[in-house]
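Read the structure below first, then the notes.
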Amino acid sequence: MSTNCKLTISVVLDTVCPWCYVGARRLSKALVLAKQKWPEFEATVEYVPFQLDKSMGKGLNKAAVYEKKFGSRMAEMNERLAEAGKEEGIAFKFGGKMSNTLDSHRLIDYAKLSGSSDAEEKVVKSLFRRYFEQEEDIGDHDVLLGAAEDAGLDRQQAKAYLESSDGVEALQERMRQVKKLGVTGVPFYIINNRFGVSGAETPETFVSAFKQVFECTECH
């Protein structure tokens with residue numbers, strides 16, 4: 001493999017999608033495996049917003065929302081998710097409140113624009129942990145500002161950004177564009193703007209996809 005081989009991985013996600021959290025852990029493992037397989041391997045990971053329900057309100061009872069949506073399937077789905085989470089070091093909890101995810105995506109964008117090189121990833125990790133493991137409402141600005149601080153961002157500056165309308169139009173346009181690409185569910189991974197991987201695949205599947213990208217593009 002050429003020493004010039006690099007990947008850009010665009011992770012399409014929603015911050016209340018549990019399989020996006022599982023997928024994030026599996027992708028991290030895949031990146032380690034790829035580096036072991038190809039010492040010259042390099043990858044840049046970026047995040048692309050997607051809303052599973054853009055009409056969702058704020059402060060909704062999470063269990064009640066899922067019960068209404070999934071009915072009798074919910075218990076089985078939670079059990080499957082908990083098992084998958086356990087394998088990835090995630091202690092899923094299913095209580096708490098949920099809200100529209102627009103502002104959480106705005107915070108991710110803000111971190112990319114305003115923070116250190118890894119601030120965006122730190123915000124994503126914090127949001128996932130707070131929502132899925134600590135049962136916090138990531139539509140609540142205090143929770144979002146806590147995630148900002150977790151990533152080393154200035155709380156007051158992040159607060160001013162969230163209270164403004166900055167970035168909203170651009171964010172919504174990005175969501176429209178990703179749907180135009182045919183993405184209808186998350187997680188979805190776009191590699192080098194050409195190849196797609198759908199779902200929270202295993203690390204080995206990701207590595208196989210990386211190999212296909214390298215072979216098809218010949219690293220040019």
Side-chain angles (χ1 to χ4, degrees), residues 8-21 23-24 27 44-60 62 65-66 68-69 96-132 136-151 153-200:
T8 297
I9 305 170
S10 300
V11 181
V12 187
L13 58 77
D14 198 358
T15 48
V16 294
C17 163
W19 290 103
C20 292
Y21 195 9
L27 177 61
T44 299
V45 178
E46 60 184 20
Y47 297 94
V48 181
F50 187 98
Q51 284 192 284
L52 291 165
D53 182 2
K54 65 181 181 180
S55 67
M56 181 181 293
K58 290 191 174 184
L60 306 177
K62 187 194 303 184
V65 170
Y66 287 139
K68 181 178 180 180
K69 184 174 182 178
K97 296 185 181 297
M98 66 189 305
S99 296
N100 190 291
T101 58
L102 182 66
D103 278 347
S104 64
H105 287 298
R106 291 181 65 220
L107 180 64
I108 295 169
D109 277 359
Y110 175 76
K112 184 176 183 178
L113 294 170
S114 306
S116 61
S117 59
D118 60 350
E120 182 185 20
E121 182 177 0
K122 286 181 178 179
V123 164
V124 171
K125 288 180 176 179
S126 178
L127 292 173
F128 279 152
R129 183 180 67 255
R130 286 169 175 274
Y131 181 72
F132 291 111
E136 296 184 12
D137 180 1
I138 57 171
D140 183 306
H141 277 197
D142 282 339
V143 174
L144 291 175
L145 294 175
E149 289 182 311
D150 290 343
L153 299 171
D154 181 270
R155 183 183 181 94
Q156 292 304 315
Q157 291 179 5
K159 182 175 185 289
Y161 182 86
L162 291 174
E163 290 178 348
S164 75
S165 60
D166 291 354
V168 173
E169 185 175 342
L171 181 69
Q172 291 174 335
E173 177 60 24
R174 289 170 66 208
M175 289 192 284
R176 286 191 290 269
Q177 289 300 319
V178 79
K179 287 194 173 183
K180 286 182 180 179
L181 293 175
V183 177
T184 58
V186 288
F188 193 88
Y189 307 85
I190 303 170
I191 305 172
N192 281 9
N193 292 318
R194 294 183 60 188
F195 299 84
V197 176
S198 180

So which atom in [X] and which in [Y] form the shortest heavy-atom distance, rounded to 0.1 Å?
X	Y	result
Tyr47	Arg174	O-NH2, 3.0 Å
Cys20	Pro187	SG-N, 3.7 Å
Gly199	Tyr189	O-CE1, 3.2 Å
His105	Gln51	CD2-CG, 4.2 Å
Thr15	Tyr131	O-CD2, 4.1 Å
Ser10	Glu46	OG-OE2, 2.6 Å

Hey, is CD on Glu169 packed in by over 12 heavy atoms from elsewhere, all under 6.0 Å?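 No.
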Give a yes or no on whether Lys62 atom NZ has more than 12 heavy-atom contacts from other residues, nucleotides or ligands under 6.0 Å away.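 Buried by this count: over 12 neighbours within 6.0 Å.
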Worked verdict on Val65 versus Met98 for side-chain contact (heavy atoms from CB on, under 4.5 Å): CA-CA 9 Å; Val65 170; Met98 66 189 305; 3.8 Å; yes
Between atom [atom1] of [X] and atom [atom2] of [Y], what is the distance when rounded to the nearest 0.5 Å?
X	Y	atom1	atom2	answer
Arg129	Glu136	CZ	CD	8.5 Å
Ile108	Leu13	CD1	CG	5.5 Å
Leu102	Leu162	CG	CG	10.0 Å
Thr8	Asn193	OG1	CG	7.0 Å
Met56	Asp14	CE	CG	8.0 Å
Leu145	Leu153	CG	CG	10.0 Å

In plain terms, say whether [X] and [Y] are close enough for a salt bridge, that is, a side-chain N and a carboxylate O under 4.0 Å apart.
X	Y	value
Asp142	Lys159	no
Lys125	Asp150	no
Asp109	Lys112	no

Set out, in order, the CA-CA distance, both residues' side-chain angles and the distance that settles side-chain contact (heavy atoms from CB on, under 4.5 Å) for Phe195 and Ile190, then state yes or no. CA-CA 6 Å; Phe195 299 84; Ile190 303 170; over 6 Å; no
Give me the ring orientation class for Tyr161 and Tyr110: parallel if the planes are under 30° apart, tilted from 30 to 60°, perpendicular past 60°.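 The arrangement is tilted - the two ring planes meet at 30° to 60°.
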Do the side chain of [X] and the main chain of [Y] share a donor and acceptor less than 3.5 angstrom apart?
X	Y	answer
Ser99	Gly59	yes
Asp137	Gly139	yes
Arg130	Ile138	no
Asp53	Asn100	no
Ser114	Ala111	no
Asp154	Gln157	yes

Contact check, side chains of Val48 and Val11, non-hydrogen atoms, under 4.5 Å: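 Side-chain contact under 4.5 Å: no.
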Would you say Leu171 and Arg106 make side-chain contact, with heavy atoms under 4.5 Å?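 Touching, per the 4.5 Å side-chain cut-off.
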Check the pair Arg176, Glu173 against side-chain contact (heavy atoms from CB on, under 4.5 Å), reporting the backbone distance first and the verdict last. CA-CA 5 Å; Arg176 286 191 290 269; Glu173 177 60 24; 2.9 Å; yes
Ile9/Leu27 under side-chain contact (heavy atoms from CB on, under 4.5 Å): CA gap, chis, key distance, verdict: CA-CA 10 Å; Ile9 305 170; Leu27 177 61; 4.2 Å; yes
